[in-house]
Amino acid sequence: MEKMIKIKARETVMVTGYAPAPRGTAMHHQFGHVGVIFEIDLSNDTIVDGEFTFVTNLAKDFYARLVQGHDLKDGPEALCNKIRSKCWTPSTEAIVACVKIAVQRYFDTKGNM
């Protein structure tokens with residue numbers, strides 16, 4: 001008889017944040033805006049995955065790895081400081097703005113549930 005293993009599915013939500021891309025960047029030329037999308041585990045306020053609107057796969061992958069597992073209970077500024085310390089690009093502050101918007105949206109919406 002085949003053994004059944006129950007896997008508890010995470011209860012996650014998706015939140016987004018957008019801001020204008022810096023002029024003179026490939027991102028501005030291609031998209032006009034910077035965007036972040038986070039999948040967040042509701043049980044512990046941790047980022048499960050993240051996606052960013054960048055032109056290159058390296059940038060997308062780097063940012064995704066940077067935010068995965070981050071505990072949002074530390075507040076948005078902790079994540080923003082982490083990004084500033086690791087990402088030295090013209091779009092860093094635009095990404096920070098997106099992150100703040102997404103994290104604020106997460107806690108506002110979760111608080112109203």
Notebook entry, point to check: Which residue pairs satisfy the side chain to side chain donor-acceptor pair (under 3.5 Å) criterion with at least one member in residues 78-91, sequence neighbours excluded?
Noted result: Glu77-Arg84, Asn81-Arg84, Arg84-Glu93, Thr89-Ser91, Thr89-Thr92
Margin query: Does anything in residues 52-62 form a side chain to side chain donor-acceptor pair (under 3.5 Å)? List the pairs, not counting sequence neighbours.
Written below: none
For [X] versus [Y], what's the shortest heavy-atom pair and its separation?
X	Y	result
Val103	Pro76	CG1-CB, 3.9 Å
Gly50	Ala64	O-CB, 3.2 Å
Ala97	Ala19	CB-CB, 4.1 Å
Val15	Ala102	CG2-O, 3.7 Å

Let me confirm one number: the [atom1]-[atom2] distance from [X] to [Y], rounded to the nearest 0.5 Å.
X	Y	atom1	atom2	answer
Asp49	Gln68	CG	CD	4.5 Å
Asp45	His70	CG	NE2	10.5 Å
Phe62	Cys87	CZ	SG	4.5 Å
Glu11	Leu42	CD	CG	5.0 Å
Ile101	Tyr18	CD1	OH	11.0 Å

Please examine the side chains of [Y] and [X], heavy atoms only from C-beta on, and report whether any two atoms are closer than 4.5 Å.
X	Y	value
Ile83	Val99	yes
Leu72	Ile47	yes
Pro22	His28	no
Asn44	Lys73	yes

Notebook entry, point to check: Do Ile95 and Leu66 belong to the same hydrophobic cluster, where Ile, Leu, Val, Met, Phe, Trp and Tyr are linked whenever their side-chain heavy atoms lie under 4.5 Å apart, directly or via other members?
Noted result: yes
Check: Is Tyr63 reachable from Val55 through a run of hydrophobic residues whose side-chain heavy atoms are each under 4.5 Å from the next?
Finding: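 Yes, Val55 and Tyr63 fall within the same hydrophobic cluster.
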Ignoring hydrogens and angles, write down the donor-acceptor pairs under 3.5 Å from the side chains of residues 31-41, residues two or more places apart or on other chains.
unit_1	atom_1	unit_2	atom_2	d
Glu39	OE2	Thr12	OG1	2.8
Asp41	OD1	Ser43	N	2.8
Asp41	OD1	Ser43	OG	2.7

